[in-house]
Amino acid sequence: MMRLLNIILGTVIIMGFSQCGSSQKLVDNPPFVLGEVKSEPWTAGVNKEANGVNVYLPVENENGAELDSLYYQNKVVKLERIKKDNYLVYIARYSFNKQSQDIIMHADPKKEFGNKPPQVKAIMPFELEEGEAIVSYTVNGKVNYYKISEIEQSTSIHYREVPPLKN
């Protein structure tokens, strides 16, 4: 009897975990129509101390979908919606700063004030190849995912100052 109970409990747990993974299925035909998706690498500062990538997703027709986030190069950011006249584009702004800030270690905790905790890397729910991204969007309150396969790389740009980022 105890063995049967363990088998049933194990089956329920395995089924529960398998449902978590299947909830993030990719959609083959999204309701929106994307134009040519481009990534634009950038650097900033006098000594190029900051770098990143802007990914542009021009949308020709939304058809009731709201684009939310973009998974790209092992990071996820919220999309910024920009509309001018009939032109609509979503922009994902990624920063890959490798500057490490000094951490102050002192016997007096007051002197350690201002130390920033290390940022924990988010676990990516998708495995992506080079030049691929996943866009999450909602339709009627339901979250869906669409894989963008061919992201074209455009020429690099340099800013004098680090551009504002909304990560």
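Position 1 is the first residue of the sequence, and the numbers go up from there.
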Is L88 reachable from Y146 through a run of hydrophobic residues whose side-chain heavy atoms are each under 4.5 Å from the next?
yes
Candidate list E36, E40, K38, test side chain to side chain donor-acceptor pair (under 3.5 Å), partner Y56, passing option
E40
Let me check something: do V37 and V27 share a hydrophobic cluster, defined by ILVMFWY side-chain heavy atoms less than 4.5 Å apart, either directly or through other members?
yes
If you define the side chain from C-beta out and look only at heavy atoms, does anything of L34 sit under 4.5 Å from V59?
yes
Does the side chain of F32 reach to within under 4.5 Å of the side chain of N63, using non-hydrogen atoms?
no
Over 60° means perpendicular and under 30° means parallel, so classify the ring planes of Y94 and Y72, tilted if in between.
tilted
Nearest 0.5 Å please: distance from the CD1 atom of I148 over to the CD atom of E150.
11.5 Å
Do you know which two heavy atoms are closest between E60 and G35, and how far apart they sit?
OE2-CA, 3.5 Å
Heavy-atom closest pair, residues E132 and K147
OE1-CE, 3.2 Å
Identify which one of V76, L57, I91 satisfies the side chain to side chain contact (heavy atoms under 4.5 Å, CB included) criterion when paired with L70.
L57
V135 and its side chain to side chain contact (heavy atoms under 4.5 Å, CB included) partner, picked from V55, N144, L67, D68:
L67
Taking N115 for its side chain and I104 for its backbone only, find out whether a donor-acceptor pair lies under 3.5 Å.
yes
Shared hydrophobic cluster for Y71 and V143 (ILVMFWY, side-chain gaps under 4.5 Å)
yes
Taking 4.0 angstrom as the limit, do K83 and E62 come out as a salt bridge?
no
Find the distance between OG (S136) and CG (L26) and round it off to the nearest 0.5 Å.
11.5 Å
Could you tell me whether the side chain of K75 and the main chain of S95 form a donor-acceptor pair under 3.5 Å?
yes
Within 6.0 Å of CD in E66, more than 12 heavy atoms from elsewhere
no
Donor-acceptor pair, side chain of S154 and main chain of S39, under 3.5 angstrom
yes
Are R93 and V77 close enough, and set up right, to give a side-chain contact (heavy atoms from CB on, under 4.5 Å), and what steps lead you there?
CA-CA 7 Å; R93 300 180 192 276; V77 296; 5.9 Å; no
For the hydrophobic clusters of this structure (ILVMFWY residues joined by side-chain heavy atoms under 4.5 Å, transitively), does one cluster hold both I82 and Y90?
no
